[in-house]
Asker: 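One structure, as structure tokens, below. Some questions next.
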Amino acid sequence: MRFSTMFIPTVRETPSEAEAISHKLMLRAGYVRQLAAGLYIYLPLGLRVIEKINRILREEMNAIGAQEITMPVLHPAEVWQETGRWDAIGDEMFRLKDRTGRDMCLGMTHEEIITWLASREIRSYRDLPQIWYQIQTKLRDEARPKSGVLRTREFLMKDSYSFDIDEDGLEKSYQLHADAYHKIFSRCGLKFYMVESDPGMMGGATAHEFMAPSPAGEDEVALCDSCRYAANVELARSTPKASEERNWAFEEVSTPEKRTVQEVSSFLNLKPEYFIKSILVLSNSGPVLALVRGDQELHEKKLSKIIGEHRPAHKDEVKEILGVEAGFIGPMNHKIRIIADPCLKQGVYVSGANKPHYHAKGITPSKDFDAEWHDIHVAKADDFCPKCNAPLRIEHTIEAGNIFKLGTKYSVPLKASYLDENGQEKSIIMGSYGIGPARIAAAAIEQNHDKDGIIWPKSIAPFDVEILPLNMNDKNTVNVAEKLYQDLIKKDIEVLMDDRDERAGVKFKDADLIGIPTHIVLGEKNLKEGLIEIKDRKTKEAEKVAIEEVVGRVKDRIKN
RNA sequence: CGGGGCGUAGCGCAGUCUGGUUUAGCGCACCUGCUUUGGGAGCAGGGAGUCGGAGGUUCAAAUCCUCUCGCCCCGACCA
């Protein structure tokens, strides 16, 4: 393609709404434009990147025997009502009515639709297994679209669904996907981790996420470099560092107006890990006191798995239920249910004394209070790995893909069943697997850029090479560039030629911004000596090559 | 949905506190001409703005008040 005729609106200054690096660079380099919050237009360069990614997705999905189909974006409510998600999902679903008043929604995901299909078409164990996929637009009325293309209300997703006769079959399909995903993310040039994840509302027991490390990511994962334990902090387990031994006798100490662990800790000059943090929550079955160590955070999701839905108690509720104002509550002498993190089993602690402006020092768990012991803390850096006890790291990541074992969550309500060898009717066992191409693109930029712009991995760059004829008024430059352009195209190399009548500086700046991996620079002086520069976008290193050797050299570079 | 910030030319911003000095200004981009041509050129000339919208206060509003819409950030939420 010729730069002069391709629509590549680069801008020097970053629009003020952009914060994330990928967002800034995609705007500046002319890849996308924002229509409204969470709605993006992909310009020619941006589309080329997405298509490159989609091609890799298709190749790897086809390689595991998945078959591409396409399903509607507009869905009738009935199918969603049958699985209960019409009611379970709240404002995040775009809902509308057709002209006859029939309830409809825009697809956030396609489990319902594909299961509907399977329920009508699959009858025998001979029809299984199947893996069907599509690359289709999803719509979600996100509470907070953010970070450019990373979290949007409308986005493309490669979603595949597996159908098997039993758990073993599902395990195979799941593993096929895990392997395919490793290949996909590797081919796209991403650094990534496969981590254990919370199956959440998708149902099922097992789920993993493919996470691309980046400060722009909203998810945190706990990682063990020693045994490769990797889990989203939403469910990561960890063993906190043991706190030092103390021999405190029980005593009450005056702590006027000191309520938070931080306040009391600095007032008494004792580390937060010597404290018990007591948090009162209200569950459907009554109030529960949750205890974690002072240096820990209470993990709401872990607690939910034990006591069900709950919310923190308000200040007046604390006083009413425990008889003390918040800030001075301790675990002793309460009749309500107490859940405590296991790390509190060892040691003696400081906590509220259950009377205003006093804390109690020398509390011995199990002796001074009883509790049910469950892991309810948030894993943090320098905690120890639950599997091998090595220290954990915490990293910010972008969720680029996920895989779920669904089981029969959708096949039962939608009656997707088959007859086995014995003529018995059984529910199909399903899995669901997603990848967001835009997130791959954004993560690639987050992981590969410098102060001048994007540095695309070769596999997903919009073009293989960019030709920069520096002086378009020099006939020789133009002639050589034109020939080179044609020769490269004949070799099936994707070329962008900056044939604009711009100054050299402008071309260099734009080329760096856009981030095509290899640049071919045609300068007047070099050409007189029969030489052309081949420059690497990432290292900025340039080699001078004889004109006739350029095509060969470029081909070599693209392969490597 | 809670907290915060912003909305002035295509983009980035100043002006708003303290109303009138401005026919609303600057840089970049854009158009014309000449010069220039290896890291976002120089000179000269030019086009472009209902100051997000509505209502109000006032002799007078980009500026003060009320409401409203939009965008961004933090949190909640996230199949």
Side-chain angles (χ1 to χ4, degrees), chain A residues 9-20 23-24 27-30 33-39 80 83-93 105 107-115 138-148 150-153 155 157 159 161 197-204 207 209 216 218-219 232 234 300-301 311-312 399 402-404 406 409-410 430 432-434 436 451-453 468-474 477 498 500-514 519 521-528 531-533 535 540 542 544:
Chain A
T10 61
V11 288
R12 194 187 306 214
E13 275 165 312
T14 311
S16 57
E17 73 258 23
E19 184 84 7
H23 190 196
K24 287 180 183 172
L27 288 171
R28 283 194 54 207
R33 286 296 182 261
Q34 186 183 43
L35 172 65
L39 298 175
W80 287 82
T83 62
R85 285 163 117 193
W86 179 262
D87 296 314
I89 295 169
D91 293 336
E92 204 154 319
M93 183 187 275
C105 66
M108 322 177 47
T109 175
H110 284 77
E111 280 81 12
E112 274 76 2
I113 309 306
I114 204 140
T115 310
K138 309 288 186 228
L139 291 124
R140 296 181 188 174
D141 195 355
E142 287 286 348
R144 183 145 104 82
K146 58 182 284 202
S147 307
L150 278 175
R151 191 172 195 78
T152 54
R153 295 192 289 180
F155 58 96
M157 182 163 145
D159 46 324
Y161 306 87
S197 72
D198 186 352
M201 290 285 289
M202 289 293 285
E209 289 164 332
E218 346 174 51
D219 286 294
N232 193 311
E234 284 176 3
E300 306 275 346
K301 281 194 176 165
R311 62 162 177 87
E399 181 188 351
N402 53 40
I403 55 180
F404 292 96
L406 297 176
K409 178 171 163 114
Y410 299 94
M430 292 176 56
S432 148
Y433 318 86
K451 64 172 172 40
D452 296 314
L468 290 87
L470 295 186
N471 184 357
M472 292 300 288
N473 296 318
D474 176 54
T477 301
D498 193 346
R500 296 174 300 169
D501 186 14
E502 285 286 357
R503 300 170 65 83
V506 174
K507 295 192 180 189
F508 283 129
K509 289 288 184 190
D510 273 347
D512 286 347
L513 226 204
I514 289 167
H519 299 165
V521 181
L522 309 203
E524 229 176 312
K525 283 175 204 145
N526 282 330
L527 281 181
K528 278 181 187 149
L531 296 174
I532 286 175
E533 266 175 21
K535 193 169 145 193
K540 301 260 178 113
K544 288 188 188 177

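So that the names make sense, note that chain A is the first sequence line, chain B the second, and so on, each numbered from 1. Just the heavy atoms: all of them, side chains too, but no hydrogens, waters or symmetry mates, feed the values below.
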Asker: Rounded to whole angstrom, note down the P distance from B/G45 over to B/G4.
Answerer: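 Approximately 49 Å lies between the P atom of B/G45 and that of B/G4.
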Asker: Mind checking side chain to side chain contact (heavy atoms under 4.5 Å, CB included) for A/P312 and listing every partner two or more places apart, or none if nothing turns up?
Answerer: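 Once residues adjacent in sequence are excluded, A/P312 has no partner under the side chain to side chain contact (heavy atoms under 4.5 Å, CB included) criterion.
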Asker: In whole angstrom, what separates A/K509's NZ from B/C28's C1'?
Answerer: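 Spelled out: NZ on A/K509 to C1' on B/C28 is 15 Å.
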Asker: Could you work out, with side-chain hydrogen bond (donor to acceptor under 3.5 Å, both in side chains) as the rule, every residue matching A/R12, not counting sequence neighbours?
Answerer: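 Not a single residue meets the side-chain hydrogen bond (donor to acceptor under 3.5 Å, both in side chains) criterion with A/R12.
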Asker: Could you tell me the separation between the CD1 atom of A/I514 and the P atom of B/G39, rounded to a whole number of Å?
Answerer: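 In whole Å, B/G39 P lies 18 Å from A/I514 CD1.
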Asker: Produce the list of close N/O pairs, under 3.5 Å, pairing protein atoms with atoms of nucleotides 69-74 of chain B; give distances to one decimal.
Answerer:
{"unit_1": "B/C71", "atom_1": "OP1", "unit_2": "A/A37", "atom_2": "N", "d": "2.8"}
{"unit_1": "B/C72", "atom_1": "OP1", "unit_2": "A/Q34", "atom_2": "NE2", "d": "2.8"}
{"unit_1": "B/C73", "atom_1": "OP1", "unit_2": "A/S147", "atom_2": "N", "d": "3.4"}
{"unit_1": "B/C74", "atom_1": "OP2", "unit_2": "A/R144", "atom_2": "NH1", "d": "3.2"}
{"unit_1": "B/C74", "atom_1": "OP2", "unit_2": "A/R144", "atom_2": "NH2", "d": "2.7"}

Asker: By ring-ring contact (aromatic ring centres under 6.0 Å, His included), which residues pair with A/Y433, not counting sequence neighbours?
Answerer: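 Scan of A/Y433 (ring-ring contact (aromatic ring centres under 6.0 Å, His included), adjacent residues dropped) gives A/H177.
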Asker: Rounding to a whole Å, what distance do you find between A/E13:CD and B/C30:P?
Answerer: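 So the two atoms are 13 Å apart, to the nearest Å.
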Asker: Expressed in angstrom and rounded to an integer, what is the separation of A/E92 atom CD from B/C1 atom P?
Answerer: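 Between P of B/C1 and CD of A/E92: 14 Å.
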Asker: Can you tell me how far C1' in B/G47 sits from the matching atom in B/G56, rounded to whole Å?
Answerer: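 Going atom to atom, C1' in each nucleotide, I get 36 Å.
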Asker: Exactly one of A/T109, A/D159, A/T152 should register a side chain to side chain donor-acceptor pair (under 3.5 Å) with A/K138. Which one does?
Answerer: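 Running side chain to side chain donor-acceptor pair (under 3.5 Å) over A/T109, A/D159, A/T152 with A/K138 returns exactly one hit, A/D159.
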Asker: For A/D474, answer base if it contacts any base atom (sugar-phosphate contacts may also be present), sugar-phosphate if it contacts only those atoms, and nothing otherwise; contact means non-hydrogen atoms under 4.0 Å.
Answerer: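 Here A/D474 touches no strand at all.
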Asker: Using the P atoms only, state how far B/U32 lies from B/C72, rounded to an integer number of Å.
Answerer: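 My reading of the P atoms in B/C72 and B/U32 gives 36 Å.
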Asker: Which residues pass the ring-ring contact (aromatic ring centres under 6.0 Å, His included) test with A/H23, not counting sequence neighbours?
Answerer: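 Residues passing ring-ring contact (aromatic ring centres under 6.0 Å, His included) with A/H23: A/Y40.
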Asker: Give one of base, sugar-phosphate or nothing for A/R311, where a contact means two heavy atoms less than 4.0 Å apart.
Answerer: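 Touches nothing.
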Asker: Any N/O pairs under 3.5 Å between the protein and nucleotides 35-38 of chain B? List them or say none.
Answerer:
{"unit_1": "B/U36", "atom_1": "O2", "unit_2": "A/R503", "atom_2": "NH1", "d": "2.6"}
{"unit_1": "B/U37", "atom_1": "O4", "unit_2": "A/N473", "atom_2": "ND2", "d": "3.1"}
{"unit_1": "B/G38", "atom_1": "O6", "unit_2": "A/G523", "atom_2": "N", "d": "3.3"}
{"unit_1": "B/G38", "atom_1": "O6", "unit_2": "A/N526", "atom_2": "ND2", "d": "3.0"}
{"unit_1": "B/G38", "atom_1": "N1", "unit_2": "A/E533", "atom_2": "OE2", "d": "3.4"}
{"unit_1": "B/G38", "atom_1": "N2", "unit_2": "A/E533", "atom_2": "OE1", "d": "2.9"}
{"unit_1": "B/G38", "atom_1": "N2", "unit_2": "A/E533", "atom_2": "OE2", "d": "3.4"}

Asker: Could you state the CG-C1' distance from A/D91 to B/C1, rounded to the nearest angstrom?
Answerer: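 The distance from CG of A/D91 to C1' of B/C1 comes to 9 Å, rounded to the nearest Å.
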Asker: Using a distance-only criterion (donor-acceptor N/O pair, under 3.5 Å, no hydrogens), is the base of B/G40 paired with the side chain of A/R28?
Answerer: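 A donor-acceptor contact between them is present.
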